[in-house]
Amino acid sequence: MAAIALDVDAVRARFSALAAPTAFFDEPGGTQCPDSVIDAIAGYLRESNANLGGPFGNSRRSDALVAQARLSASSFLWCDPEETIFGANMTTLNFALSRTVGRTLAAGDEIVVTRLDHDGNVSPWLELAHDLDLTVRVADIRDDTTLDYDDLERLLNDRTRVVAFPLASNAVGTVVDARRVVELAHSAGAIAWADAVHYAPHGPIDVAALGVDVLLCSPYKFFGPHLGVAYVRAELAASWRTYKVRPAHHRFETGTLPHELLAGFVAAVEYVDSIGWEAIQSHERALALRFLSCLPDRCTLRGLPGLDGRVPTFAFTVAGLSPRTVAERLGSRDIAVWDGNYYAVEVMERLALGEEGAVRAGFVHYNTMAEVDRLLAGLEEM
Ligand SMILES: Cc1ncc(COP(=O)(O)O)c(C=O)c1O
């Protein structure tokens, strides 16, 4: 069957931000928002702004909006609306949720994380380990940046309580075989705790099919506003004593939610649905193929060399130039890329990329072939 083609010009016409001359390859740090998201945020503040539970129009509309946001999160993650949790961002939610599960842990219990994790899925466990005298073990990667599943299996034992892992690396783009990790975690009696932040703009997430117990993501990485969303499997959530104020209905959310951002989130999920994953993925693959096949010789890619097992996020170094210099020179040509370690501390250490890290270019479906060619020309002429 032929892949569904993406009309990238029609897509870009939906984003005022993409009228700028900038080629945005900073997607792993956050995506641009379509106008529908911006309008939804402004529209909420104009027409519905209020706190919840009041017997008047704006408050009733706010109640309905929060209910709709849970429905949108549940359709995005394929879970029950009651299993969704909103917060400031992934990291803040992860500190809160890890602290909550910490109430069920005891000194000597163990947590496994991976070298592919962003620090947002590592430091919450290190801090919990500090408080509770737990042990945190780090599953290694193989030289090609894929997760070393044998090493992960070796680290599991009858004290392992949580296995924390990413669906995809925000540094090198490697995708993790989540089902395999979940099986390993569950066979050890541990909770499978997934960071979906980097994967979310690139493919569908079905928490039930993956079998994860906890999953976190950030709508600002998939065309929405700065916000965090988490899923906790209902039976697991029910077994935890949460940190909450007594009158609050939701067991995990503390205080008033950013309603206007929830309105933007609803519009972001509608936006993704309106494009469809098949069209998104076939366009991303075409961009990635061009980049990988035309990368200048003086650039060294750090990560999988082909399209399989990865999302189109590329970390690379350029001979004779620091990553910062490369990013600055591209920046002066209005090409937005990142440099450094992007908080992916473990993988960058493992790849011996040290303090300077690498250049990172991340593609999403709104990028064009012409932009990829501009990036390649910028690297060639550096
Ligand atoms: C893979 C991954 N996990 C976690 C985070 C942290 O997300 P947030 O900024 O929502 O805390 C990021 C942010 O870049 C990320 O890329």
Side-chain angles (χ1 to χ4, degrees), residues 24-33 73 76-77 84-99 113-127 138-139 141 145 147 162-176 178 181 192-203 205 210 212 214-231 252-253 257-258 261-262 264-265 268 303 310-315 327 336-351 357-364:
F24 291 106
F25 295 122
D26 60 332
E27 166 278 314
T31 45
Q32 299 302 317
C33 293
F76 193 74
L77 301 177
T84 62
I85 304 166
F86 292 106
N89 50 55
M90 177 277 185
T91 307
T92 306
L93 276 171
N94 216 19
F95 271 106
L97 292 174
S98 56
R99 193 159 158 244
V113 301
T114 80
R115 281 212 192 279
L116 283 179
D117 273 294
H118 181 281
D119 221 55
N121 206 21
V122 177
S123 282
W125 304 111
L126 295 177
E127 292 306 314
V138 186
I141 53 172
T145 74
L147 184 61
V162 174
V163 176
F165 66 100
L167 297 193
S169 158
N170 69 309
V172 288
T174 308
V175 169
V176 170
V181 176
W193 196 289
D195 171 1
V197 172
H198 190 68
Y199 186 76
H202 302 295
I205 298 168
L210 294 174
V212 292
V214 177
L215 180 139
L216 302 102
C217 61
S218 306
Y220 76 92
K221 310 277 194 188
F222 55 92
F223 323 107
H226 290 97
L227 190 68
V229 180
Y231 152 82
F252 288 93
E253 289 161 1
L257 290 170
L261 303 187
L262 296 187
F265 168 70
R310 62 147 56 252
V311 292
T313 300
F314 302 105
V337 298
W338 224 266
D339 68 283
N341 69 15
Y342 355 100
Y343 287 19
V345 178
E346 297 289 335
V347 68
M348 299 311 258
E349 268 179 18
R350 173 67 166 71
L351 298 177
V359 184
R360 180 184 65 183
F363 305 165
V364 290

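Just so you know, ligand 1 is whichever comes first in the structure, and atom 1 is the first atom listed for that ligand. For the numbers below, each heavy atom of this structure counts, side chains included, while hydrogens, waters and symmetry mates do not. It should be emphasised that the depicted structure is a prediction, and the values quoted were computed from it without experimental measurement.
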Item checked: Validation row: Leu210, Leu167 side chains within 4.5 angstrom (heavy atoms) ->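 When only atoms from C-beta onward are counted, Leu167 and Leu210 do touch, with a gap below 4.5 Å.
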
Notebook entry, point to check: Are the side chains of Cys217 and Phe222 in touch, meaning some heavy atoms are under 4.5 Å apart?
Noted result: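 Contact flag for Cys217/Phe222 side chains = yes.
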
Notebook entry, point to check: Considering only heavy atoms, does Asp195 approach ligand 1 within less than 4.0 Å through its side chain, its backbone, both, or neither?
Noted result: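 Side chain only.
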
Check: Taking heavy atoms and a distance under 4.0 Å, where does Met90 meet ligand 1: side chain, backbone, both or neither?
Finding: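 Contact part for Met90 vs ligand 1: both backbone and side chain.
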
Which atoms from ligand 1 have a heavy atom of [X] less than 4.0 Å away?
X	value
Asn89	8 (P), 10 (O), 11 (O)
Lys221	13 (C), 14 (O)
Asn170	1 (C), 16 (O)
Ser218	7 (O), 8 (P), 10 (O)

Margin query: Would you say that more than 12 heavy atoms from the other residues, nucleotides or ligands in this model lie under 6.0 Å from the CZ of Arg350, or not?
Written below: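 For Arg350, atom CZ is crowded (more than 12 foreign heavy atoms under 6.0 Å).
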
Next item on the list: Kindly check if the number of other-residue, nucleotide or ligand heavy atoms within 6.0 Å of OH (Tyr343) is above 12?
Entry: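 Atom OH in Tyr343 is not packed in, count stays at 12 or less.
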
Item checked: Protein contact of atom 11 (O) of ligand 1 - nearest heavy atom, named by residue and atom, plus distance ->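 Ranked first by proximity to atom 11 (O) of ligand 1 is Thr91 OG1, 2.5 Å.
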
Notebook entry, point to check: Would Gly120 count as a contact of ligand 1 if the rule is a heavy atom under 4.0 Å away?
Noted result: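 For ligand 1, residue contact (heavy atoms, under 4.0 Å) with Gly120 is absent.
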
Notebook entry, point to check: Does Tyr342 come within less than 4.0 angstrom of ligand 1, counting non-hydrogen atoms of the residue?
Noted result: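 Tyr342 does not count as a contact of ligand 1 under the 4.0 Å cut-off.
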
Notebook entry, point to check: Quick one: CG on Leu216 to CH2 on Trp193, what's the gap to the nearest 0.5 Å?
Noted result: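 Leu216 CG to Trp193 CH2: 7.0 Å, rounded to 0.5 Å.
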
Margin query: For a ring pair (Phe, Tyr, Trp, His ring centres under 6.0 Å) check, start with the C-alpha distance between Phe265 and Phe76, then their side-chain angles and the critical distance, and finish with the verdict.
Written below: CA-CA 11 Å; Phe265 168 70; Phe76 193 74; 7.1 Å; no

Item checked: Nitrogen or oxygen of Thr92 less than 3.5 angstrom from that of ligand 1 ->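 No; the residue has no nitrogen or oxygen that sits under 3.5 Å from a nitrogen or oxygen of the ligand.
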
Notebook entry, point to check: N/O of Ala168 under 3.5 Å from N/O of ligand 1, yes or no?
Noted result: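 Ala168 vs ligand 1: no N/O contact under 3.5 Å.
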
Next item on the list: Determine yes or no for a side-chain-to-main-chain donor-acceptor pair under 3.5 angstrom, with Lys221 supplying the side chain and Glu27 the backbone.
Entry: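 Not at all, since once roles are kept as given, no pair shorter than 3.5 Å links the two residues.
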
